[in-house]
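Working notes, structure below.
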Amino acid sequence: MQGKRDLLKNRLVPLDIYKATPKTNCGECGQPSCLAFATQAVVGEVPLSACSHMEEGVRRELQQRLARQLDQGIGRKRESFEKTLEFLRESLTLWLNPNNAAALGASWTLEAEGKPAVRFPYLDDEVVVFQDDVHSIKGRALSPWEKIFLYNYVIGGAVEPSGRWVGMESLPNSVSKIKSLRVHCEEPLAKAFPQDRELLRRCASPLFEELSSHMDHVGWAGECRLLPRVRLRLLWWPGDEEEGFAPRVKFLFDARVLEVLDLESLLFACEHITERILKAQREALSRTKTNASSTP
C-alpha cells in the first residue's frame, strides 16, 4: 500500500513526457503534436518508443516509471483525466490568440474579466474554450474526455482537409483502433438499423447532413461536422436476409485527419456520435411503442 502511495505522489504526468520530446510536432509518432503524444503515452495508449527523437536513457527511465504506475492502475482512472486536464490548461495560454483561432476555424474573444477564449462549432453545439474550462453554449455538461478532446484540438492546430475520404484502416498506425471502431461503433449501428433507412435518417439528422450524391452505391450516407476543420462520413448498407447480406456501417475520415486529431481522439469522437445516434433510436422506438399501446 505504501508503495502505491509513493507512486501516486511521484507519478508521471504528461508534462514529464512532453519535456522529453523534441517539441517540433513532427508527427512521426502518429500523433498530431508532441503534446498529444504525451497525453496518450501517459495513459498507455501510445508506446514511448513511438518517439524516435527521445534520448534513449531518458526513454528507458520514463518507461520503467510508466510501467510501474500503469501496472498499479495509476493513470487509467479518473484521476488521470484530471491530471491531463490540469496539464492541458497550463499549456493553453499560448494558443488562445487570434491567429490560432483563425487557423482552427474559430473566433477569438475576450470574455468576462478580460479572459481570452476561442469559440467554435462542436457537433450540433458550440463551445467556448477558456484556459480554465470549456463551456457548451447550449449549457450541456461536458465530460472530462470531451474537454480533453477539445483542448487537444485547440493546442494541436488544424489543417485544411484534403477532400480524400478513407477508412480507419488506411490511416497510419491504426491497427489497434480498427477493431475498437468496428466493435463499439460500426457493428452496433448496423445492428440497430438493419433495414430502416428512414429511422436512421431521423436519428442521425441532428449530427449528419444527408449526402444524396452518394446514394447510388449505399443505402444512406451522411456527413458530420465534428469540428470546424474536421468532418467525418457515415455510410450504411441495409441487410438483405433473402440474399444473405448483413447490414453494414462504415465511418470515413479525411486523409489528413491525423494532422489534426490523434487516433484516440478520433475513436472517442466516433463512439460519442454512435452513442448519440443509438440513444435517439431507443427514444424513437419507445415513442412508437407508447403510441401503439395508447391507440384504441
Side chains of Trp220 and Leu234: closer than 4.5 Å at any heavy-atom pair?
-> yes
Carefully, step by step, assess Met168 and Arg182 under the rule side chain to side chain contact (heavy atoms under 4.5 Å, CB included).
-> CA-CA 10 Å; Met168 183 168 280; Arg182 184 179 71 251; over 6 Å; no
Going only through I, L, V, M, F, W and Y residues with side-chain contacts under 4.5 Å, is there a path from Leu150 to Val128?
-> no
Side-chain heavy-atom pair Pro22, Cys51 within 4.5 angstrom cut-off | yes
Rounding to 0.5 Å, atoms CD (Gln40) and CG (Asp262) come to a distance of 4.5 Å
Cationic N near anionic O, under 4.0 Å, Lys179 to Glu186 = no
Kindly assign one of parallel, tilted or perpendicular to the pair Trp145 and Phe268, based on the angle between their ring planes and the thresholds 30° and 60°.
-> parallel
Are any of the side-chain heavy atoms of Leu285 and Leu199 separated by less than 4.5 Å?
-> yes
Between the main-chain N or O of Ala280 and the side-chain N or O of Glu283, is there a donor-acceptor pair closer than 3.5 Å?
-> no
CG/Leu227 to CG/Leu104 distance, rounded to the nearest 0.5 angstrom?
-> 9.0 Å
Let me see the working for Tyr151 and Val129 under side chain to side chain contact (heavy atoms under 4.5 Å, CB included), right down to the final yes or no.
-> CA-CA 8 Å; Tyr151 279 141; Val129 179; 3.6 Å; yes
Mind listing the closest non-hydrogen atom pair of Trp237 and His217 along with its distance?
-> NE1-O, 3.1 Å
So, do Phe253 and Cys270 sit near enough that their side-chain heavy atoms are less than 4.5 Å apart?
-> yes
Over all atoms of both residues, closest heavy-atom pair of Arg229 and Pro161 | O-CG, 3.8 Å
Please work out whether the ring planes of Tyr122 and His272 are parallel, tilted or perpendicular, with thresholds of 30° and 60°.
-> parallel
Do the non-hydrogen side-chain atoms of Cys203 and Phe193 ever get within less than 4.5 Å of each other?
-> yes
Dump the intermediate steps for side chain to side chain contact (heavy atoms under 4.5 Å, CB included) on Leu232 and Ile273, then the final yes or no.
-> CA-CA 11 Å; Leu232 55 82; Ile273 288 169; 3.9 Å; yes
What's in the same ILVMFWY side-chain cluster as Phe245, cut-off under 4.5 Å, chained through other members?
-> none
Joint hydrophobic cluster, Val166 plus Val175, side-chain heavy atoms closer than 4.5 Å = no
The single option from Arg202, Arg197, Arg233 passing salt bridge (charged side-chain N to carboxylate O under 4.0 Å, His left out) against Glu210 = Arg197
Please test Val249 against Glu187 for side chain to side chain contact (heavy atoms under 4.5 Å, CB included), starting from the C-alpha separation and ending with a verdict.
-> CA-CA 7 Å; Val249 165; Glu187 290 180 353; over 6 Å; no
Looking only at heavy atoms, what is the nearest atom pair of Glu169 and Ile178, with distance?
-> CA-CD1, 3.5 Å
For Tyr153, all residues meeting ring-ring contact (aromatic ring centres under 6.0 Å, His included), sequence neighbours excluded = Phe120
Which heavy atom of Glu55 sits nearest a heavy atom of Val58, and at what distance?
-> OE1-N, 2.9 Å
Do Arg225 and Pro121 come within less than 4.5 Å of each other through their side chains, counting heavy atoms only?
-> yes
Please answer: with hydrophobic residues joined when any side-chain heavy atoms are less than 4.5 Å apart, are Val183 and Leu266 in the same cluster?
-> no
What one should report as the nearest heavy-atom pair of Glu146 and Ala141 is OE1-O, 4.2 Å
Here the gap from Ser176 atom OG to Leu263 atom CG, rounded to the nearest 0.5 Å, amounts to 7.0 Å
Validation row: Leu189, Leu278 side chains within 4.5 angstrom (heavy atoms) | yes
Decide whether Phe149 and Phe130 are clustered together by the hydrophobic rule: side chain heavy atoms of Ile, Leu, Val, Met, Phe, Trp, Tyr closer than 4.5 Å, transitively.
-> no
Identify whether Ile155 and Val159 are in the same connected component of the hydrophobic contact network (ILVMFWY, side-chain heavy atoms under 4.5 Å).
-> yes
Can you check salt bridge (Lys or Arg N to Asp or Glu O under 4.0 Å) on Lys177 and Glu264, steps first, answer last?
-> CA-CA 8 Å; Lys177 303 300 180 186; Glu264 187 68 24; 2.5 Å; yes
Got Gln131 and Leu96 here, is their nearest side-chain heavy-atom distance under 4.5 Å?
-> yes
